[in-house]
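As structure tokens, the structure follows; a few thoughts come after it.
Residue numbers begin at 1 in each chain, while the letters A, B, ... track the order of the sequences.
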There are 2 protein chains.
Amino acid sequence: MPKTSHKGSDFDCVTCIMRKHSDWRVLATDEVDLLARGQTRYSYQSGESIYSMGQVGNGVHCMCAGTVAIRRLDAEGNSVLLHLAYPGDTLGYESVLTGEPHRCSAEALGPAKVCHIDARTVKQLLDANPNLGLQFLRRTAASLDAAQDKLVHHATLSNRAKLAHLLLVLMDRYGRETVDGANTMHLPVSRRDLASMIGARHETVSRIISRLENEGIAFFSGRSVRVPHIDALLEEIRPQLVG
Amino acid sequence: MPKTSHKGSDFDCVTCIMRKHSDWRVLATDEVDLLARGQTRYSYQSGESIYSMGQVGNGVHCMCAGTVAIRRLDAEGNSVLLHLAYPGDTLGYESVLTGEPHRCSAEALGPAKVCHIDARTVKQLLDANPNLGLQFLRRTAASLDAAQDKLVHHATLSNRAKLAHLLLVLMDRYGRETVDGANTMHLPVSRRDLASMIGARHETVSRIISRLENEGIAFFSGRSVRVPHIDALLEEIRPQLVG
DNA sequence: GCGGCGCATTGACGATTGTCAAATTTTATC
DNA sequence: GATAAAATTTGACAATCGTCAATGCGCCGC
């Protein structure tokens with residue numbers, strides 16, 4: 001499925017609109033120039049791989065547009081979607097810092113624009129501006145916090161509650177409210193990926209979806225989802241607080 | 001339950017045997033002196049809190065001896081044991097870096113010796129030596145990697161396999177081999193904590209333990225565990241590879 | 001347009017799990 | 001050491017979940 005990515009040169013970090021929202025915002029002007037010299041922009045089609053588990057990273061990837069899935073595969077070939085990355089996110093810096101191979105793969109979930117920054121440039125910037133390392137540290141700590149939150153959810157919520165929570169999170173980014181007060185969105189991922197995100201089989205997700213539809217809470221058609229009353233999904237997360 | 005911790009002054013980071021195994025190993029000699037001036041050693045009894053969720057950290061904690069449980073509580077009061085920390089580990093630096101309250105609590109699981117390093121000193125050291133920030137970054141990235149591995153396990157393994165895996169990990173640190181080739185250990189945590197670590201109810205863990213005993217795989221008595229053939233536990237992790 | 005192929009849905013069924021409850025053991029406190 | 005509190009174990013039962021299997025749907029390449 002993956003086609004070759006397209007390398008473009010009509011772009012520059014100096015003028016990148018996402019830079020102020022990324023880790024690179026701590027750089028000074030001359031450091032941004034250095035960043036721009038080590039940078040190459042790539043366009044990816046849906047399904048294309050940005051990097052793969054097991055490879056050693058030769059640079060970091062800075063997202064300008066699109067959605068990228070961060071996955072990990074276990075020994076039996078099960079794919080688990082761990083994280084969705086968005087414009088402003090920097091990907092793959094762990095491997096550059098440690099020299100270890102990537103522990104996850106990154107795959108475009110739609111047309112995406114991602115800049116590659118050469119490892120040498122990254123190291124020069126880390127040397128030149130200690131704030132960049134601290135910024136990466138803050139970002140990584142936030143990711144760790146998010147991962148731990150997921151662990152808590154996996155340990156305490158039912159699959160149904162986890163799916164409801166995931167739908168709310170996705171609705172927050174992909175959803176829009178219609179005139180009748182309902183919320184709709186186009187799912188960025190397949191049912192299988194939804195299942196791996198909540199730690200269940202895809203058949204189980206299908207059944208939960210069926211029940212949600214029967215109960216009038218959410219309606220699915222392909223990848224489009226309609227939630228008439230968003231509060232009904234919120235109810236699913238809170239365990240029964242008998243009153 | 002928690003008694004007050006004991007503040008001791010008969011100790012110095014300069015001579016600390018764990019320093020070479022901790023993040024502070026990147027410091028130069030004069031920086032270690034600065035570290036030692038900002039440091040206070042505390043002794044904690046089993047069950048005592050080192051810091052709590054919601055508090056803003058006024059420094060970082062460096063473990064010299066013992067075992068510390070990193071927990072998170074959800075809105076309903078469920079406690080999830082996310083991580084066990086050991087000598088050489090540095091705890092609570094996220095809060096110091098971000099100014100945000102601690103997202104987890106840290107509790108001694110037995111007699112523990114933990115040094116507190118004042119936030120001001122930490123910031124001075126981060127300013128003085130950029131390698132310290134990069135070291136924290138590597139450490140945090142490793143923690144993130146471990147958390148993601150747990151997420152994959154939660155998504156793909158049965159509770160029984162997760163418990164077997166956890167026992168193997170604990171055996172690696174707490175176990176010793178007896179003359180007859182069996183492995184034994186003293187569990188550092190309660191059944192409830194074991195359950196929260198694998199994302200199951202404590203009743204479920206009790207039942208899995210009963211089955212493991214009936215099948216001759218592992219024998220539990222209080223907190224002591226005896227595993228006659230460690231390979232039998234390993235078999236539990238690998239899904240059925242029909243041959 | 002057609003055939004394939006992967007994804008999605010649904011049914012059936014057994015296994016596992018969560019919940020509630022009670023009995024028992026261990027641990028903590030005085 | 002006695003009592004209280006907490007942790008653990010076990011049973012019963014309903015609900016959920018995973019697996020296997022069959023079918024339908026949609027997309028893509030030819």
Side-chain angles (χ1 to χ4, degrees), chain A residues 1-3 45-48 69 76-79 81 109-110 153-164 186-215 218-225 236 239-242, chain B residues 1-3 45-48 69 76-79 81 109-110 153-164 186-215 218-225 236 239-242:
Chain A
M1 248 129 281
K3 314 295 175 60
Q45 301 300 313
S46 186
E48 279 190 283
E76 285 75 37
N78 302 304
S79 157
L81 209 171
L109 288 182
H153 282 163
H154 280 226
T156 58
L157 296 183
S158 67
N159 281 341
R160 177 168 168 143
K162 281 185 278 185
L163 180 61
H186 184 82
L187 286 174
V189 296
S190 67
R191 299 280 197 278
R192 287 185 122 84
D193 280 336
L194 279 184
S196 82
M197 291 173 91
I198 67 170
R201 305 288 127 172
H202 59 101
E203 297 100 323
T204 299
V205 168
S206 263
R207 292 196 173 91
I208 296 174
I209 287 176
S210 294
R211 267 188 289 163
L212 289 177
E213 290 186 328
N214 288 335
E215 298 170 24
F219 299 93
F220 294 71
S221 174
R223 287 201 174 182
S224 42
V225 186
E236 295 294 327
Q240 56 296 340
L241 299 175
V242 269
Chain B
M1 252 129 283
K3 312 294 175 59
Q45 299 301 313
S46 185
E48 279 192 283
E76 285 76 38
N78 302 304
S79 158
L81 209 171
L109 288 182
H153 281 165
H154 280 230
T156 59
L157 296 183
S158 67
N159 281 341
R160 176 168 168 142
K162 280 185 279 185
L163 181 61
H186 184 83
L187 286 173
V189 297
S190 68
R191 300 279 198 278
R192 287 185 121 85
D193 279 335
L194 279 184
S196 83
M197 291 172 91
I198 67 171
R201 304 288 125 171
H202 60 100
E203 296 99 324
T204 299
V205 168
S206 263
R207 291 196 175 92
I208 296 174
I209 286 177
S210 294
R211 268 187 288 163
L212 290 178
E213 290 187 329
N214 288 335
E215 298 171 24
F219 299 92
F220 293 69
S221 172
R223 288 201 174 182
S224 41
V225 186
E236 294 295 326
Q240 55 298 339
L241 299 176
V242 267

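Per the geometry, CG belonging to B/Asp193 stands 9 Å off P belonging to D/dA7, to the nearest Å. Summarising the geometry, the separation between CD on B/Glu203 and P on C/dA23 is reported as 16 Å, rounded to the nearest angstrom. Following rounding to the nearest Å, B/Glu213 (CD) and D/dT8 (P) show an atom-to-atom distance of 14 Å. In this structure, the NE2 atom of A/His202 is 13 Å from the C1' atom of D/dC17, given to the nearest Å. Between B/Leu157 atom CG and D/dC17 atom P the separation is 18 Å, expressed in whole Å. Between the CD1 atom of A/Ile198 and the P atom of D/dT16 there is a distance of 14 Å, rounded to whole Å. Going from atom CZ of A/Arg201 over to atom C1' of C/dA15 covers 14 Å, rounded to whole Å. The distance between atom CD of A/Gln45 and atom C1' of D/dC28, rounded to the nearest whole Å, is 15 Å.
Within the 4.0 Å cut-off from OP1 or OP2 of D/dC17, at least one side-chain nitrogen or oxygen of A/Arg211 is found. Within the structure, a side-chain polar atom (N or O) of A/Ser210 is placed less than 4.0 Å from OP1 or OP2 of C/dT10. At the phosphate of C/dT10, neither OP1 nor OP2 sits under 4.0 Å from any side-chain N or O atom of A/Arg207. Distances shorter than 4.0 Å separate none of the side-chain N or O atoms of B/Thr204 from OP1 or OP2 on C/dT17. Proximity of B/Asn159 to the phosphate of C/dT16: no side-chain N or O atom is located under 4.0 Å from OP1 or OP2.
Under a 4.0 Å N-O distance rule, the pair B/Arg207/B/Glu213 does not qualify as a salt bridge. No salt bridge links A/Arg211 with A/Glu236; every basic N to acidic carboxylate O contact stays at or beyond 4.0 Å.
Rounding to the nearest 0.5 Å places CG of B/Leu81 at 12.5 Å from CD1 of B/Ile198.
Between the side chain of A/Arg192 and the base of C/dG6, no donor-acceptor pair under 3.5 Å is found.
Between B/Arg191 and B/Ile209, the closest side-chain pair of non-hydrogen atoms falls below 4.5 Å.
A/Arg223 comes within contact range of no nucleotide atom at all, as no heavy-atom separation falls under 4.0 Å.
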